[in-house]
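Proteins come first, then strands; the chains are lettered A, B, ... in the order of their sequence lines, and each starts at number 1.
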Amino acid sequence: MKSNQSFNEKVYALLRKVPKGKVTTYKALAEALGTKAYRAVGQAMRCNPYAPKVPCHRVVASDGTVGGFSGSRNPKSREVKRKIKILRSEGVKVHNNTIVDFKKEYFLNF
DNA sequence: GCTTTGACTCTCG
DNA sequence: TCGAGAGCCAAAG
C-alpha cells in the first residue's frame, strides 16, 4: 500500500467520517490509520489546512477532556471555548472542558 | 539525512 | 489520586 496521501490527509479523511454530534480521540484516529502516532495526528490538527472539513473540535483526548492544546495553556485564546460551543451545538454536551458522556459520544467505528 | 519538536498516551512512583 | 517520565510515530527545520 503506497501512501499517496500524507499522513495528515488520512487523519482528515477519518475525521471527516466522524458523524455529526460525535467525538473521537487522537488514539482512535491513529489506531484507525494502523499506527501509534497519536502525536502525529495532533500535529495534523495543528496545521489543519481543512478547517471546516476537519473539525478538530470533534477530536478530544483519550480521557474525553477537550483540554490538551491551545486552551488549557492559553485560556485567553478561548479558542477551545468556541469549539465547545460548536460541539454543544452539534449535540455533544461539554462541561468544564470535558465531554459529557464521552464514552457514549465516543466514535471509533470508522 | 539527522535532529528537534509535538493539539498524545501509558506506566510507574 | 496526582505527578513525572518514557515511548511511540511523523512532519518540519
Which pair of non-hydrogen atoms, one from A:Ala44 and one from A:Asn8, has the smallest distance, and what is that distance?
CB-CB, 3.5 Å
Whole-Å distance, A:Glu31 CD to C:dA10 C1', equals 16 Å
Which whole-number value in Å describes the distance from A:Lys10 NZ to C:dA11 C1'?
14 Å
Could you check how far NZ of A:Lys81 sits from P of B:dA7, rounded to whole Å?
21 Å
Please check: side-chain N/O of A:Tyr38 versus main-chain N/O of A:Leu29, any donor-acceptor pairing under 3.5 Å?
no
Identify every side-chain donor-acceptor pair in residues 98-110 of chain A under 3.5 Å, counting partners at least two apart or on other chains, and give the distances.
residue  : atom : partner : partner atom : Å
A:Thr98  : OG1  : A:Asn96 : O            : 2.9
A:Tyr106 : OH   : A:Thr25 : OG1          : 2.8

Can you tell me the distance, in whole Å, between the CD atom of A:Glu9 and the P atom of C:dA10?
15 Å
Would you kindly give the CG-to-P distance between A:Asp63 and B:dA7, to the nearest whole Å?
17 Å
Restricting both atoms to N or O, compile the protein contacts to nucleotides 4-9 of chain C shorter than 3.5 Å, with distance only.
residue : atom : partner : partner atom : Å
C:dC9   : O3'  : A:Thr35 : OG1          : 3.3

Under 4.0 angstrom, heavy atoms only, what part of the nucleic acid is A:Ala30 near: base, sugar-phosphate, or nothing?
nothing
Of all the heavy-atom pairs spanning A:Leu14 and A:Ala32, show the shortest one and how long it is.
CD1-CB, 3.5 Å
A:Val60 versus A:Thr65: any side-chain heavy-atom pair under 4.5 Å?
no
Quick check: does any side chain N or O of A:Arg58 sit under 3.5 Å from a backbone N or O of A:Val18, one acting as donor and the other as acceptor?
yes
Is there a side-chain polar atom (N or O) of A:Ser6 under 4.0 Å from OP1 or OP2 of C:dA10?
no
Atom NZ of A:Lys27 and atom P of B:dT11 are separated, to the nearest Å, by 9 Å
Atom CG of A:Asn8 and atom C1' of C:dA12 are separated, to the nearest Å, by 12 Å
